[in-house]
Amino acid sequence: MQHDLTETQRVLVIAGLSNTDPRTVRRFLAGEDIRRPTVRERIELAQRQLAQLQSAPPPVVKS
């Protein structure tokens with residue numbers, strides 16, 4: 001199931017997952033160079049995690 005996120009929501013989720021400033025994430029997504037390799041790697045990993053979360057089936061709630 002694809003969850004529709006606004007660009008701002010996507011930036012904030014990736015920033016939270018990567019423990020990075022949202023402004024840095026926004027610059028990264030805009031194609032600007034991020035000098036610190038560890039920050040770049042954390043953002044890339046967070047993007048993969050978000051993609052996995054979005055493609056996962058919704059949880060089954062048993063009542």
Side-chain angles (χ1 to χ4, degrees):
M1 178 177 160
Q2 180 68 24
H3 302 284
D4 295 329
L5 297 176
T6 66
E7 186 62 28
T8 301
Q9 290 171 329
R10 186 169 177 257
V11 166
L12 292 174
V13 169
I14 292 172
L17 289 171
S18 65
N19 195 27
T20 306
D21 189 285
R23 292 174 293 184
T24 303
V25 173
R26 191 175 301 278
R27 287 197 328 263
F28 177 83
L29 295 176
E32 291 185 32
D33 186 37
I34 305 299
R35 291 179 285 179
R36 294 178 46 197
T38 55
V39 172
R40 198 169 43 244
E41 290 169 4
R42 289 196 325 249
I43 294 172
E44 290 169 351
L45 176 61
Q47 283 182 301
R48 289 193 298 272
Q49 289 174 331
L50 178 59
Q52 288 175 344
L53 288 172
Q54 288 180 320
S55 65
V60 177
V61 178
K62 296 181 181 180
S63 48

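Here, residue 1 is the first one in the sequence, and each next residue gets the next number.
- Sorted by first and then second residue, the side-chain hydrogen bond (donor to acceptor under 3.5 Å, both in side chains) pairs with a member in residues 23-36 read Asp21-Arg23; sequence neighbours excluded.
- Residues Leu17 and Val11 are members of one and the same hydrophobic cluster, defined by side-chain heavy-atom contacts under 4.5 angstrom among Ile, Leu, Val, Met, Phe, Trp and Tyr.
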| field | Worked verdict on Leu50 versus Leu5 for side chain to side chain contact (heavy atoms under 4.5 Å, CB included) | value | CA-CA 11 Å; Leu50 178 59; Leu5 297 176; 4.2 Å; yes

Distance-only criterion, 3.5 Å: show the donor-acceptor pairs between side-chain atoms of residues 39-48 and protein atoms not counting sequence neighbours.
| from | atom 1 | to | atom 2 | distance (Å) |
| --- | --- | --- | --- | --- |
| Arg40 | NH1 | Ile34 | O | 2.2 |
| Arg42 | NE | Ser18 | O | 2.8 |
| Arg42 | NH2 | Asn19 | O | 3.3 |
| Arg42 | NH2 | Thr20 | OG1 | 3.4 |

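- Identified under the salt bridge (Lys or Arg N to Asp or Glu O under 4.0 Å) test for residues 52-63, with sequence neighbours left out: none.
- Residues Gln9 and Asp4 come closest through the heavy atom pair OE1-O, 4.3 Å.
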